[in-house]
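Just so it is clear, the structure is predicted and the values come from calculations on it, not from any experiment. The figures that follow rest on heavy atoms only: side chains count, while hydrogens, waters and symmetry mates do not.
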Amino acid sequence: FFFELRLSMYDKVSGAAGILINTVYELEKEVMDGINIPRPKPEASSVPIFAVGPCVEGAERLGSLACSLSCGGGGRDMEEERQVLAWLDGKEAGSVVYICFGTFARPMDEESRQIGAALRASRVPYLWAGQRGSVQLKQILDMNGDDEGKDGEGLVVEWAPQTEVLQHRAVGAFLTHCGWNSVMEATMAGTPMICFPFVLDQHMSCRLVVDKWRTGLRLDRGHDLRPRLTSMLSQLVPRPGAPCCPCPCPVRARARELR
């Protein structure tokens, strides 16, 4: 499916006057300049590419261009949105990890169990937007069919207003599949990322976030997710009631710098 989709896109590009990309020129200056280098004939007809981002829903509140690129899309039940935001309102600043793996990607059941175990071990409040598998996800996390986990530390929903969530004062980190829209939304919100890529360009986006921008940590897939994720959560999300670390987390500081 994705291969055929890309072929179709490439066929249409040759006749375009230009290509608009949802990115920020300053974040990808070398790439954008390299793509747009003037070429001698017969390549002189190469289509110019323009960075017009960040196109992020709700970005006007951050002084940027507003488009509609939320994880899962709009038109959702307003009651579900109110539930999510009300739950976040009751949490301490920077204490929640938001988890969403986009529309198509989904961890294996064992990976979800290990992520859940790391969350419980860290005692970090979490909001997990599980998309279509939210009921199954609650079972995997041993939530007894309830939306909230034991002691109210977790909330699992089918959908969340992602841009609003990432901008919320309570959210301290974002566990993401590194879909490009999610990366742009987190970058504009100044939210550090824990990168858990699955397929395609998600791996390249992860490299940008971790190695180039230094606004995230890489969580490679495998059977030892729990100890690695637990360590990352301790760096990015302060445990409720724990004393503040005198040394600020460089990843968190860098994410705020690029906001």
Rounded to the nearest 0.5 Å, what separates atom CD in Gln162 from atom CD in Gln167?
10.5 Å
Result of checking Leu233, Ile115, Thr176 against Ile194 for side-chain contact (heavy atoms from CB on, under 4.5 Å)
Leu233
With the 4.5 Å side-chain cut-off for hydrophobic clustering, are Met204 and Leu27 part of the same group?
no
About how many Å separate CD1 of Ile49 and CD1 of Ile21, when rounded to the nearest 0.5 Å?
4.5 Å
Nearest 0.5 Å, what's the CZ-CG distance between Arg169 and Asp89?
6.5 Å
Side-chain (Arg252) to main-chain (Gln235) donor-acceptor, under 3.5 angstrom:
yes
Test side-chain contact (heavy atoms from CB on, under 4.5 Å) applied to Leu208 and Val183, step by step:
CA-CA 10 Å; Leu208 271 176; Val183 168; over 6 Å; no
Kindly work out whether a path of hydrophobic side-chain contacts (I/L/V/M/F/W/Y, heavy atoms less than 4.5 Å apart) joins Leu225 to Val199.
yes
Assign the ring pair Tyr98 / Phe174 to parallel, tilted or perpendicular, where the plane angle (0 to 90°) is split at 30° and 60°.
parallel
Set of residues satisfying side chain to side chain donor-acceptor pair (under 3.5 Å) with respect to Arg256, sequence neighbours excluded:
none
His177 NE2 to Thr103 OG1 distance, which is reported to the nearest 0.5 Å:
7.0 Å
Working note: Asp33 + Tyr25, criterion side-chain contact (heavy atoms from CB on, under 4.5 Å); need CA distance, chi angles, decisive distance, verdict.
CA-CA 9 Å; Asp33 289 346; Tyr25 173 78; 2.8 Å; yes
Looking at Leu127 and Val96, what are the two nearest heavy atoms and their distance?
N-CG1, 4.0 Å
Worked verdict on Thr191 versus Glu185 for side-chain contact (heavy atoms from CB on, under 4.5 Å):
CA-CA 9 Å; Thr191 304; Glu185 289 166 351; over 6 Å; no
Electrostatic pair Arg228:Asp220 at N-O distance under 4.0 angstrom
no
Between Arg221 and Phe198, is there a donor-acceptor pair closer than 3.5 Å when you use the side chain of the first and the backbone of the second?
no
Which heavy atom of Gly222 sits nearest to which heavy atom of Gln114, and what is that distance?
O-NE2, 4.2 Å
List the steps, then state whether side-chain contact (heavy atoms from CB on, under 4.5 Å) holds for Phe196 with Gln202.
CA-CA 9 Å; Phe196 192 62; Gln202 296 167 12; over 6 Å; no
Residues forming a side chain to side chain donor-acceptor pair (under 3.5 Å) with Thr23, sequence neighbours excluded
Glu28
Interatomic distance, CD@Gln83 vs CG@Leu88, rounded to 0.5 Å, equals 10.5 Å
Can you name the nearest heavy-atom pair linking Pro54 to Val24, along with the distance?
CD-CG2, 3.8 Å
Of all the heavy-atom pairs spanning Pro197 and His203, show the shortest one and how long it is.
CG-ND1, 3.6 Å
Looking at Trp128 and Gly154, would you say the former's side chain and the latter's main chain have a donor-acceptor pair under 3.5 Å?
no
Return the minimal non-hydrogen interatomic distance between Val251 and Thr215, and the atom names on each side.
CG1-C, 3.4 Å
Treating Ile, Leu, Val, Met, Phe, Trp and Tyr as nodes and any side-chain heavy-atom pair under 4.5 angstrom as an edge, say whether Leu166 and Leu258 lie in one connected cluster.
yes
With Cys195, the side-chain contact (heavy atoms from CB on, under 4.5 Å) member among Val209, Leu217, Leu175:
Val209
In terms of heavy-atom contacts, Ser205 and Trp180 come closest through OG-CE3, 3.4 Å
Are Arg218 and Cys206 side-chain neighbours, meaning at least one heavy-atom pair lies under 4.5 Å?
yes
Give a yes or no on this: more than 12 heavy atoms of other residues, nucleotides or ligands lie within 6.0 Å of atom CZ of Arg207.
no
Is the shortest side-chain heavy-atom distance between Trp159 and Glu81 below 4.5 Å?
yes
Main-chain N/O of Cys178 paired with Ser182 side-chain donor or acceptor, under 3.5 Å
no
Distance check, rounded to the nearest 0.5 Å: Leu219 atom CG versus Met232 atom CE?
5.0 Å
